[in-house]
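Note sheet for the following structure.
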There are 2 protein chains.
Amino acid sequence: MKKQNNCIDILKKAGYKITPQRLELLKALSGEKMQTAEELHKIVISNQPNVSLDTIYRNLHILQQLNIITETKLGDSKSRFKFSSNEHNHHMVCIKCGCSVELDFCPMELIKDKINNKKFKVTDHNFEIFGYCSNCS
Amino acid sequence: MKKQNNCIDILKKAGYKITPQRLELLKALSGEKMQTAEELHKIVISNQPNVSLDTIYRNLHILQQLNIITETKLGDSKSRFKFSSNEHNHHMVCIKCGCSVELDFCPMELIKDKINNKKFKVTDHNFEIFGYCSNCS
DNA sequence: TCCTAAATAATAATTATTCTTATTTATATC
DNA sequence: GATATAAATAAGAATAATTATTATTTAGGA
């Protein structure tokens with residue numbers, strides 16, 4: 001709930017309007033699971049039947065640009081979304097239920113000096129661990 | 001060239017036929033760049049004009065199942081393919097030209113004990129560094 | 001050389017996502 | 001509170017990557 005109010009402020013400050021569709025999407029995004037646009041759409045239309053999938057996508061992009069949510073691609077070709085955590089971090093993602101556990105460290109910190117001697121200008125990195133969470137294993 | 005002969009043996013042993021299309025695809029796959037199915041298709045049809053894109057995809061899947069090639073997804077929604085290296089390893093991928101530099105270490109080795117105490121059964125992991133290679137920066 | 005299962009080309013279908021357009025609405029201003 | 005307007009929306013069409021279908025061709029063993 002705290003998160004959602006935060007988001008509303010961020011949206012307002014960025015000049016976006018607070019529409020019922022956006023509020024429903026923010027509600028749907030709460031929860032640990034990384035959800036696809038379609039899953040989020042289903043949740044949203046259970047409360048707000050006429051919201052189009054296009055609106056979900058459009059707003060997911062906006063929320064992403066504002067760093068409110070984060071996108072990840074697993075093995076299948078769908079994108080999945082979740083509230084960003086405030087800090088930079090990585091996850092262990094359950095390949096069965098899709099839930100994720102945040103890691104309390106970043107491997108880049110550990111290996112920085114190992115790659116500094118290579119002539120490659122690093123701009124970003126990606127680290128994810130896959131497996132089964134305690135419920136699914 | 002060594003690699004290609006290897007692949008032919010692997011394909012034969014697995015009961016696959018050695019077709020000119022497959023040979024052309026293997027030729028096209030040599031080179032450091034991670035290439036999309038479409039890029040590979042273009043190379044193939046420059047020598048073998050009637051090969052269909054479908055054939056490229058079908059054979060990429062086969063080569064992947066045999067661990068001959070590896071698939072990666074960058075930011076865009078296309079898959080990219082490259083010969084697997086024999087050992088398990090990770091890459092620094094250039095976001096401009098798509099070339100990749102192999103890392104000589106795996107971060108999982110460094111952090112194993114950090115995650116063993118979490119109740120999560122690890123089956124796989126993904127680690128990639130993005131940036132600009134020496135030619136592109 | 002011939003037979004047969006596997007592979008192929010061509011094309012249609014599918015899936016996730018994005019675009020177009022006409023309509024509706026949140027909000028700033030009166 | 002009414003209203004003007006730019007932004008947001010719904011509906012449906014379009015796109016892009018990939019996969020499925022089917023009739024035809026071919027690699028490789030008998």
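No experiment lies behind these values; they were computed from the predicted model shown. Here is the naming used below: chain letters follow the sequence lines, and residue numbers restart at 1 for every chain.
If you measure from atom OH of A/Tyr57 to atom P of D/dA14, you get 19 Å, rounded to the nearest angstrom. Nucleotide D/dA7 holds its P atom 15 Å from the CG atom of A/Leu11, rounded to whole Å. Look at CG on A/Leu23: it is 14 Å from C1' on D/dT9, rounded to the nearest Å. The separation between B/Gln21 atom CD and D/dA27 atom P is 8 Å, rounded to whole Å.
Applying the side-chain contact (heavy atoms from CB on, under 4.5 Å) criterion to B/Gln64, with sequence neighbours excluded, gives B/His61, B/Ile69, B/Glu71, B/Phe81. Looking at residues two or more places apart in sequence or on another chain, you find no ring pair (Phe, Tyr, Trp, His ring centres under 6.0 Å) involving B/Tyr16. Every side-chain contact (heavy atoms from CB on, under 4.5 Å) that A/Tyr57 has, sequence neighbours left out, goes to A/Ala37, A/Leu53. Looking at residues two or more places apart in sequence or on another chain, you find a side-chain contact (heavy atoms from CB on, under 4.5 Å) between B/Ser52 and B/Asp54, B/Thr55. The ring pair (Phe, Tyr, Trp, His ring centres under 6.0 Å) check on B/His41 picks up nothing, with sequence neighbours excluded. Here A/His91 pairs with nothing under the ring pair (Phe, Tyr, Trp, His ring centres under 6.0 Å) rule; sequence neighbours left out.
Contacts of residues 60-69 of chain A with DNA chain D (heavy atom under 4.0 Å): none. Remark: A/Asn50 in residues 41-50 of chain A come within less than 4.0 Å of DNA chain D through at least one heavy atom.
Note on B/Arg22: only backbone sugar-phosphate atoms sit closer than 4.0 angstrom, heavy atoms only; bases stay farther off. Using a 4.0 Å heavy-atom criterion, one finds that B/Asn59 contacts the sugar-phosphate atoms exclusively. Residue-level contact check: B/Ile18 touches the backbone only, with heavy atoms under 4.0 Å from sugar-phosphate atoms and none from bases.
Between B/Ile129 and B/Val93 there is no side-chain heavy-atom pair separated by less than 4.5 Å. Counting heavy atoms from C-beta outward, B/Thr36 and B/Leu40 have side chains that stay 4.5 Å or more apart. Residues A/Leu63 and A/Leu11 meet the side-chain proximity criterion, which asks for heavy atoms closer than 4.5 Å. Residues A/Phe83 and A/Leu26 are in side-chain contact: their nearest non-hydrogen atoms beyond the backbone lie under 4.5 Å apart. Between A/His90 and A/Asn126, the closest side-chain pair of non-hydrogen atoms is not below 4.5 Å. At least one side-chain heavy atom of A/Leu25 sits less than 4.5 Å from a side-chain heavy atom of A/Leu60. Using a 4.5 Å heavy-atom threshold, the side chains of B/Phe127 and A/Pro107 count as touching. You'll find the side chain of B/Lys12 stays beyond 4.5 Å of the side chain of B/Lys17, heavy atoms only.
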Tabulate below the donor-acceptor pairs under 3.5 Å that side-chain atoms of residues 42-51 of chain B make, not counting sequence neighbours, or state none.
| unit_1 | atom_1 | unit_2 | atom_2 | d |
| --- | --- | --- | --- | --- |
| B/Ser46 | OG | B/Ile43 | O | 2.6 |
| B/Asn47 | ND2 | B/Glu24 | OE1 | 3.0 |

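Taking every nucleotide of DNA chain C with any atom under 4.0 Å from a non-hydrogen atom of chain B, the first and last of them, 5' to 3', are C/dA5 to C/dA10.
Ranked by how close their nearest DNA chain D nucleotide is to the 5' end, B/Asp54 and B/Pro20 are led by B/Asp54.
In the helix from C/dT1-D/dA30 to C/dC30-D/dG1, the rotation axis of the first five pairs and that of the last five pairs differ in direction by 30°, rounded to 10 degrees.
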Just by protein heavy atoms under 4.0 Å, how would nucleotides 1-6 of chain D read 5' to 3' in B, S and -?
-> -----B

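Rounding to the nearest 0.5 Å gives a distance of 12.5 Å between CZ of A/Arg22 and SG of A/Cys7.
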